[in-house]
Amino acid sequence: MVHTKKISLVAAILAGALAFSMSARAQDHAHATPTPERQSWTFGGPFGGFDKGQLQRGFKVYREVCANCHSLSRIAFRTLAEEGGPGFSESQVKALAAEYKVKDGPDDKGEMFERPGRASDRFPAPFPNPEAARAALGAAPPDMSVLAKARSYSRGFPLFLVDPLIQYQEHGVDYIYALLNGYTNKSDQNWNAYFPGNKIGMAKPLSDGQVEYTDGAPATVQQYAKDVSAFLMWTAEPALEKRKKTGFRVMIFLILFAGLLYFTKKKVWAGVAH
Amino acid sequence: MSGPSTYVPSSAIGRWFESRLPIMGLMHGSFVAYPVPRNLNYFWTFGGILSFMLGAQIITGIILAMHYTPHVDYAFGSVEHIMRDVNWGWFIRYTHANGASMFFVAVYIHMLRGLYYGSYKAPREVLWILGVIIYLLMMATGFMGYVLPWGQMSFWGATVITNLFSAIPLVGDAITTWLWGGYSVDNPTLNRFFSLHYLLPFMIAGVVILHVWALHVVGQNNPAGVEVKNIERDTLPFTPYATVKDAFGLVCFLIFYAWFIFYAPNYLGHADNYIEANPLVTPSHIVPEWYYLPFYAILRAIPSKLGGVVAMFGAIVILAFLPWLDTSRVKSAKFRPVYRVFFWAFVLACVGLGYLGSQPPEGGFVIAARLLTIYYFGFFLVIMPLLGLFETPKPVPASIADAVLAKNGAAAQAHS
């Protein structure tokens with residue numbers, strides 16, 4: 001009897017605490033921005049990998065649109081030809097890098113000079129420093145190298161506990177995709193449904209037909225957004241494919257090893273009372 | 001507990017060496033012949049798992065330190081360099097970053113096992129206190145490690161936590177300036193955190209040796225909570241029995257660990273830490289890593305800064321006094337039906353505090369955190385001392401062998 005009383009007291013305290021936090025959550029949500037919709041990506045799940053065509057299209061969108069304001073300073077040209085990426089050939093990358101002007105020096109006279117880019121260079125930034133970007137644009141656009149991992153959204157309880165089990169790891173790309181499609185107020189180019197406070201510094205960057213696709217993919221904002229989001233996932237996590245492939249092998253090994261150890265343990269302990 | 005060494009070197013060189021430095025005999029006595037209670041369950045494999053995790057963290061950490069640059073201008077970039085340009089760098093870094101979380105998963109299970117089975121009670125008080133010291137060192141190490149990538153959460157987490165010291169009356173501000181090496185978290189702070197982050201794991205290793213030494217003097221506790229009375233009847237030799245069981249437990253734990261490394265490597269981190277530290281932009285919610293969240297909730301539950309700091313550190317230090325706060329004569333919760341209920345409520349309260357620690361400190365969250373903080377301290381300061389006096393425990397088996405017999409007898413009955 002005494003036990004049940006104590007149990008119910010403890011349960012009541014815990015339930016009360018939970019109820020309080022729940023009501024606080026509900027208030028919190030009323031003012032929040034909508035939750036980005038979960039998209040299907042080729043790189044999701046345990047066997048996911050990048051779609052080379054999509055990465056190449058996404059790179060084109062980056063070059064022609066994003067790169068006017070956003071830097072990609074941690075990415076070297078050579079990685080565009082590396083395994084698990086957009087799959088450009090080395091000569092393509094060399095030619096591409098040469099189109100950029102890279103500041104180098106000092107030379108033997110002590111002068112800085114500009115030269116054509118090499119595959120080993122990193123993408124030059126559109127502004128010499130964040131202050132210059134701020135002076136020109138009003139706010140410094142974030143570097144895009146790891147942007148897909150630097151953005152996320154809250155899935156809330158209990159979904160956040162389910163995410164690691166179902167390997168949902170694409171919160172960042174889903175947010176970027178939603179944001180690029182979130183300019184739904186026709187009269188205000190800086191209104192975005194998914195941006196906290198709805199007022200975003202970046203005016204609607206993409207419009208239909210803006211970037212020419214040569215592989216037959218539709219030239220729509222949705223397709224551009226999808227492709228450039230995928231490209232940003234690759235820049236943020238270039239080893240994603242290798243990681244997942246290695247992971248599968250490691251899992252197989254560990255599960256077999258655990259199985260062998262289980263039967264060994266059973267055999268060793270079979271003869272003794274425990 | 002270990003008894004006289006039964007180790008006999010088989011070779012002439014072995015005998016020559018053993019008579020000069022009996023280290024092989026020590027190893028043999030500690031990890032081969034060492035008597036282990038025969039009724040241990042899988043919760044007792046976490047000591048081995050924790051040793052493995054310490055080793056894994058030290059090895060991956062040494063490799064990371066070869067490629068990392070502890071400077072405010074280069075730290076963030078050097079981590080991306082590891083992720084992109086260093087062979088298998090992404091694997092080493094994800095193993096290390098998730099390894100910290102796994103280390104804490106294992107240590108929390110290990111500590112709760114001790115709390116459930118009364119492993120802190122006589123004669124294991126020193127063993128337990130050494131464990132609390134290891135836990136404190138782990139927290140310091142983990143905190144400083146999270147600062148090193150120099151992302152937004154690194155910087156602002158470091159700012160919030162080091163600022164806590166300014167709550168100390170009179171000397172607080174001076175201590176904080178001294179910790180920072182300046183007037184804010186900056187390059188000197190990052191440099192010393194890197195230095196200490198490299199040092200502390202070796203201090204942990206030292207205390208782990210003491211922890212294992214103390215364990216081998218008093219012997220392991222066990223689910224029945226009764227001491228070994230007859231080595232022949234109550235125990236089994238460490239090898240092969242505990243070795244193979246620990247190995248199986250470890251590999252199962254590695255499956256869990258590998259799942260995070262390969263399939264959800266950033267799940268346990270915060271997205272803001274992929275934004276380079278910027279002293280001019282404060283994140284909307286500053287949250288520490290998940291393993292500090294219950295203490296962070298306690299800190300913010302108290303309406304005064306000094307009070308919050310005292311409560312937060314008190315919540316950890318109080319663990320060291322457990323051997324004397326618990327007045328029960330019975331160790332294992334198996335035979336303490338009322339304690340068991342309060343124990344599980346305590347586990348729920350810690351999980352609840354963890355959740356509240358991740359939420360903004362406003363409205364109902366604060367009230368809930370206060371209630372759970374009261375329960376956290378009430379559990380140690382009121383329930384534990386009083387329960388030992390008022391609770392009627394169930395009959396305890398006379399020996400480990402009797403406990404095993406009773407269990408097997410019940411199983412036999414259930415089968416027939």
Side-chain angles (χ1 to χ4, degrees), chain A residues 2-3 6-7 10-11 13-14 16-25 27-28 46 73-76 79 142-143 145-152 157 163-164 167-169 171-172 196 236-239 242-244 246-248 250-251 254-255 257-258 261-262 264-265 268-269 272-274, chain B residues 38-40 77 80-81 83-85 89-91 94 151 236 240-241 244-245 247-248 251-252 254-255 258-268 270-276 284 337-338 341-342 345 348-349 352 355-356 359-360 362-365 367-369 371-372 375 401 404-405 408:
Chain A
V2 182
H3 297 178
K6 278 174 185 159
I7 295 170
V10 170
I13 292 175
L14 290 173
L18 199 68
F20 266 119
S21 60
M22 287 300 175
S23 64
R25 272 191 71 77
Q27 284 166 15
D28 205 32
S73 303
R74 304 193 190 284
I75 315 297
T79 54
D143 181 85
S145 311
V146 283
L147 199 63
K149 290 197 288 191
R151 294 293 180 273
S152 191
F157 179 81
D163 288 345
Q167 300 188 6
Y168 176 45
Q169 286 299 293
H171 305 74
E237 190 78 3
K242 192 179 183 188
R243 164 161 65 78
K244 291 187 174 186
T246 312
F248 185 64
V250 169
M251 282 294 168
L254 285 177
I255 289 166
F257 191 23
L261 279 170
Y262 173 74
T264 313
K265 188 254 160 195
V268 167
W269 283 77
V272 296
H274 60 279
Chain B
R38 55 171 73 219
N39 59 340
L40 297 187
E80 281 308 311
H81 159 71
M83 294 296 286
R84 290 158 198 280
D85 305 330
W90 59 270
F91 172 71
Y94 279 156
L236 294 164
Y241 295 99
V244 70
K245 195 168 173 177
F248 176 59
V251 173
C252 288
L254 287 182
I255 294 174
W259 184 276
F260 281 93
I261 297 173
F262 295 106
Y263 295 132
N266 293 305
Y267 174 74
L268 296 162
H270 195 291
D272 276 5
N273 229 25
Y274 278 106
I275 303 172
E276 191 166 5
S284 48
V338 185
V341 175
F342 285 109
L348 283 179
Y355 174 73
L356 294 167
Q359 297 300 316
E362 53 201 26
F365 293 132
I367 299 166
L371 287 173
L372 293 180
Y375 184 75
V404 170
L405 274 178
N408 290 353

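In what follows, chains carry the letters A, B, and so on, assigned in the order in which the sequence lines appear, proteins first and then strands, with residues in each chain numbered from 1. These numbers come from the heavy atoms of this one structure, side chains and all, not from hydrogens, waters or symmetry mates.
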- Message: Is there a side-chain contact between Arg84(B) and Trp90(B) in this structure, where contact means two heavy atoms from C-beta onward sitting under 4.5 Å apart?
- Response: no
- Does some side-chain heavy atom of Val251(B) sit less than 4.5 Å from a side-chain heavy atom of Tyr262(A)?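 Heavy-atom side-chain distance check fails, nothing below 4.5 Å.
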- Query: Is Lys149(A) reaching over with its side chain to a backbone N or O of Ala236(A), donor-acceptor style, under 3.5 angstrom?
  - Reply: yes
- Message: Donor-acceptor check, side chain of Arg38(B) to backbone of Val404(B), threshold 3.5 angstrom: yes or no?
- Response: no
Could you tell me which portion of [X] (side chain, backbone, both or neither) has an atom closer than 4.5 angstrom to a non-hydrogen atom of chain A?
X	result
Phe91(B)	neither
Leu268(B)	neither
Asn273(B)	neither

- Asp163(A): what forms a side chain to side chain contact (heavy atoms under 4.5 Å, CB included) with it, not counting sequence neighbours? Arg155(A), Ile166(A), Tyr168(A), His171(A), Tyr267(B)
- Message: Could you work out, with side chain to side chain contact (heavy atoms under 4.5 Å, CB included) as the rule, every residue matching Trp259(B), not counting sequence neighbours?
- Response: Gln167(A), Met251(A), Tyr263(B)
- Spacing of CE belonging to Met83(B) relative to CZ belonging to Arg74(A), to within rounding of 0.5 Å: 12.5 Å
Between [options], which has the largest tally of heavy atom pairs under 4.5 Å with chain A?
options	answer
Ala264(B), Gly89(B), Gly151(B)	Ala264(B)
Gly77(B), Pro240(B), Pro265(B), Ala247(B)	Pro265(B)
Ala401(B), Ala271(B), Gly352(B)	Ala271(B)
Leu40(B), Asn39(B), Ile255(B), Ile261(B)	Ile255(B)

- Message: Let's test your reading of the structure: which of Leu261(A), Asp143(A), Thr264(A) forms the most heavy-atom pairs below 4.5 Å with chain B?
- Response: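 Most heavy-atom pairs within the cutoff with chain B belong to Leu261(A).
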- Quick one: which of Ser145(A), Ala239(A), Ser152(A) has the most heavy-atom pairs under 4.5 Å with chain B, could you say? Ala239(A)
- Closest non-hydrogen contact found for Pro360(B) with Phe365(B) is O-CD1, 3.3 Å
- Item | Smallest separation among heavy atoms of Glu80(B) and Tyr274(B), with atom names | OE2-CE2, 3.8 Å
So what's closer than 4.5 Å to chain B heavy atoms on [X]: side chain, backbone, both or neither?
X	value
Leu147(A)	neither
Val268(A)	both
Ala76(A)	neither
Pro164(A)	both

